[in-house]
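Both ligands and their constituent atoms are indexed starting at 1 by order of listing. Model, not experiment: these values are computed from the prediction. Position 1 is the first residue of the sequence, and the numbers go up from there.
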Amino acid sequence: MYKEKIDKNNIPQHIAIIMDGNGRWAKAQGKHRGEGHIAGAQALHDVMVAASKLGVKYVTVYAFSTENWRRPDEEVNGLMSLLFKKLDIDIFMDNDIRFCVIGDTARLPEDVQERMHYCINRSAGNQTGTLTVALSYSSKWEITEAVKKIASRVKEGSLRIEEITDSTVDEALNTAFLPDPDLLIRTGGELRLSNYLLWQCAYSELYFCDTFWPDFNEEELCKAIYAYQQRERRFGKTSEQVSNTPENCHQ
Ligand code: FPP
């Protein structure tokens, strides 16, 4: 059991997840793709609660990409109504989890936007964990928007070009309120980042597994955390530098 093997003093602060494989999970069971998404939503609930109990402060999941708008209408509408149903404030209040969203949310149906804002506002004071859901999100969209914001500050004279640093970009992104992910998990066997948190994952540890998202659970999460704990995070330094710096022991 990986749950017993993991070091409770070296839990990643922020885990980002690409929840992939709902469709293939459904197909393998002779079910409709929509049933894969329903099972995926249940897995998200269970993983969010498990992560929070393990001490993971931030979980950020890719639920709907900018590119997903191109899927058949039936699937898009099904995902939107699933989202509407699953945005249940009691889940966030019962687990003391703050709910946040990143992405081009103005494109979402109005009822989803309303419920989403209600959950964001009601759960804003919750402190045990933060679940951020990426909806109508893509990294290239987010970075383009950040560039526009920075350019307009330069144009209006409130920012000089020489003052622009990587922190300026951090602060202009949707994720300004989040630390960078320590660990990025992708389920479903594909080995790519699919336009997800490209800037923020510059130094994240990457973990890919074949498990389809609906089958991902607490034990699978612990397995990913265990793999993360076997890595040496060097942030560009040498192995010797990292092991000689006490504060880096757990990075
Ligand atoms: C990718 O699997 C998954 C999605 C596009 C949707 C993910 C959504 C959920 C898990 C439900 C989220 C619910 C809430 C409440 C946020 P895929 O369909 O691309 O799988 P495939 O690659 O096997 O076809």
inquiry  = Looking only at distances, can you tell me whether any N or O atom of R24, backbone or side chain, sits closer than 3.5 Å to an N or O atom of ligand 1?
reply    = yes

message = I'd like to know if L197 and I143 are part of one continuous hydrophobic network [Ile/Leu/Val/Met/Phe/Trp/Tyr, side-chain heavy atoms within less than 4.5 Å].
response = no

key: Close side-chain approach of T60 to T175, heavy-atom, < 4.5 Å   = no

ask   = If you count the atoms of ligand 1 from 1 in the order shown, which ones are under 4.0 Å from a heavy atom of D20?
value = 1 (C), 2 (O), 17 (P), 19 (O), 20 (O), 21 (P), 22 (O)

inquiry  = Looking only at protein heavy atoms, which one is nearest to atom 6 (C) of ligand 1, and what is the separation?
reply    = A63 O, 3.2 Å

query = Between K85 and ligand 1, which part of the residue brings a heavy atom under 4.0 Å of the ligand: side chain, backbone, both or neither?
reply = neither

request  = Starting from atom 19 (O) of ligand 1, find the nearest protein heavy-atom neighbour and note its residue, name and distance.
outcome  = R71 NH2, 2.7 Å

Hphob cluster co-occupancy, L108 + Y62, side-chain heavy atoms under 4.5 angstrom = no

ask   = Considering only the protein, which heavy-atom contact is closest to atom 3 (C) of ligand 1, and what is its distance?
value = M19 O, 3.2 Å

key: L83 neighbourhood, listing ligand 1 atoms whose heavy-atom distance to it stays under 4.0 Å   = 14 (C), 15 (C), 16 (C)

ask   = Got the closest protein heavy atom to atom 13 (C) of ligand 1, with its distance?
value = A41 CB, 3.9 Å

key: Cluster overlap L198 with L184, hydrophobic side-chain contacts below 4.5 Å   = yes

inquiry  = I'd like the name of whichever of V101, L44, L135, N22 reaches closest to atom 10 (C) of ligand 1 through any heavy atom.
reply    = N22

query = Applying a 4.0 Å heavy-atom criterion (strictly less than), which segment of K86 is in contact with ligand 1: side chain, backbone, both, or neither?
reply = side chain

query = For atom 11 (C) of ligand 1, which candidate among Q42, H37, H45 provides the closest heavy atom?
reply = H37

ask   = Which ligand 1 atoms are under 4.0 Å away from a heavy-atom of G40?
value = 10 (C)

query = With backbone taken as N, CA, C and O and side chain as the heavy atoms from C-beta onward, which portion of R33 lies under 4.0 Å from ligand 1: side chain, backbone, both, or neither?
reply = side chain

task = Determine, stepwise, if the pair E163 / R153 fulfils side-chain contact (heavy atoms from CB on, under 4.5 Å).
result = CA-CA 11 Å; E163 289 170 339; R153 285 179 60 200; over 6 Å; no

Cation-pi check, R115 onto F84 ring (under 6.0 Å, within 45° of axis) = yes

ask   = Looking only at heavy atoms of G188, does any of them come nearer than 4.0 Å to an atom of ligand 1?
value = no

ask   = Mind checking whether I17 and L44 have side chains closer than 4.5 Å, heavy atoms only?
value = no

inquiry  = When you measure from the side chain of S138 to the backbone of N195, do you find a donor-acceptor pair of N or O atoms at a distance under 3.5 Å?
reply    = no

request  = Output the list of atoms in ligand 1 that are nearer than 4.0 Å to some heavy atom of N68, sorted by atom number.
outcome  = 5 (C)

request  = Could you list the atoms of ligand 1 found under 4.0 angstrom from a heavy atom of G23?
outcome  = 17 (P), 18 (O), 20 (O), 21 (P), 23 (O), 24 (O)

ask   = Heavy atoms, side chains only, cut-off 4.5 Å: are K57 and T130 in contact?
value = no

key: Carboxylate-amine/guanidinium proximity below 4.0 Å for K148 and E145   = yes

